[in-house]
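As structure tokens, the structure follows; a few thoughts come after it.
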Amino acid sequence: VQLQASGGGLVQPGGSLKLSCASSGSILGTYAIAWIRQVPGKEREGVACITTPDLNYTYYRDSVKGRFTIARDDAKDTVLLEMNNLKPEDTAVYYCATAAWCTVGVGRDQLDALGSWGQGTQVTVSS
């Protein structure tokens, strides 16, 4: 299973971007999916997670609550991350990954539940 994140770019503070996660085999509907980000030289951190489609529970790290929304597009077998009111500290490479489970707060323990990753997409928030 290989995932591909897309939709990144350069945006001014306060702006919006919508990231998309797709798979090579149309299998996202069978997994929980997490968005992870990483800044060079820093640890990866969980951003958001959505459980399997039977429940579709969503979880967010505190710093993005109210600004980011994770959702499934079942028709396209993709998982979206809509990011609003972006801040410079959101600058990172964003990856999507399959997850065995989602954790409240999408903290460091979320990284232990991850499975397949793919190529990330760069998000830069700068004026």
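Under a 3.5 Å cut-off, the side chain of Arg44 and the backbone N or O of Gln38 do not form any donor-acceptor pair. A donor-acceptor contact shorter than 3.5 Å is absent between the side chain of Thr58 and the backbone of Ile70. A distance-only check finds a donor-acceptor pair linking the side chain of Thr51 to the backbone of Asn56 [under 3.5 Å]. The backbone N or O of Val125 lies less than 3.5 Å from a partner atom in the side chain of Thr91, making a donor-acceptor pair. Looking only at distances, a side-chain donor or acceptor of Gln110 sits under 3.5 Å from a matching main-chain atom of Trp101. Judged by distance alone, with hydrogens and angles left aside, the side-chain atoms of Thr98 form a donor-acceptor pair with the main-chain N or O of Ser116 at under 3.5 Å.
Pairing each heavy atom of Cys21 with each of Leu28, the nearest pair is O-CD1, 3.2 Å. The two residues Pro13 and Ser126 come nearest to each other via the heavy atoms CD-C, 3.6 Å. The two residues Thr78 and Ala22 make their nearest non-hydrogen contact at CG2-CB, 4.1 Å. Heavy-atom minimum distance, Ala32 versus Arg72: CA-NH2, 3.9 Å. The minimum heavy-atom distance linking Ile36 with Gly46 is given by the pair CD1-CA, 3.7 Å. In this structure, Leu114 and Ala34 approach most closely via the heavy-atom pair CD2-CB, 3.8 Å.
The environment of Glu89 atom CD is dense: over 12 non-hydrogen atoms of other residues, nucleotides or ligands sit within 6.0 angstrom.
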*Show your working on side-chain contact (heavy atoms from CB on, under 4.5 Å) between Tyr59 and Thr103 and close with a plain yes or no.*
CA-CA 7 Å; Tyr59 300 85; Thr103 61; over 6 Å; no
*asked:* Walk me through whether Leu19 and Tyr95 qualify under side-chain contact (heavy atoms from CB on, under 4.5 Å).
replied: CA-CA 10 Å; Leu19 306 184; Tyr95 302 86; over 6 Å; no
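No chain of hydrophobic side-chain contacts below 4.5 Å, direct or via other Ile, Leu, Val, Met, Phe, Trp or Tyr residues, connects Leu80 to Leu17. Tracing side-chain contacts under 4.5 Å through hydrophobic residues (I, L, V, M, F, W, Y), one reaches Leu55 starting from Val104; they form part of the same cluster. Val64 and Val11 fall within the same hydrophobic cluster, defined by Ile, Leu, Val, Met, Phe, Trp and Tyr side-chain heavy atoms under 4.5 Å apart, directly or through other members. By the criterion of side-chain heavy atoms lying less than 4.5 angstrom apart, applied directly or through intervening Ile, Leu, Val, Met, Phe, Trp or Tyr residues, Ile33 is not grouped with Leu111; the two fall into different hydrophobic clusters.
Here SG of Cys96 is found 8.0 Å from CD of Gln4. Values are rounded to the nearest 0.5 Å. Atom OH of Tyr31 and atom OG1 of Thr52 lie 12.0 Å apart (nearest 0.5 Å). Rounding to the nearest 0.5 Å places OG of Ser20 at 10.0 Å from CG of Leu81.
Looking at Asp77 and Ser23, their side chains come closer than 4.5 Å, going by heavy atoms from C-beta outward. For the pair Val106/Trp35, no side-chain contact is recorded, criterion being any heavy-atom separation below 4.5 Å from C-beta on.
Scored by the side-chain hydrogen bond (donor to acceptor under 3.5 Å, both in side chains) test, Arg37 finds Glu45, Asp90, Tyr94 as partners (sequence neighbours excluded).
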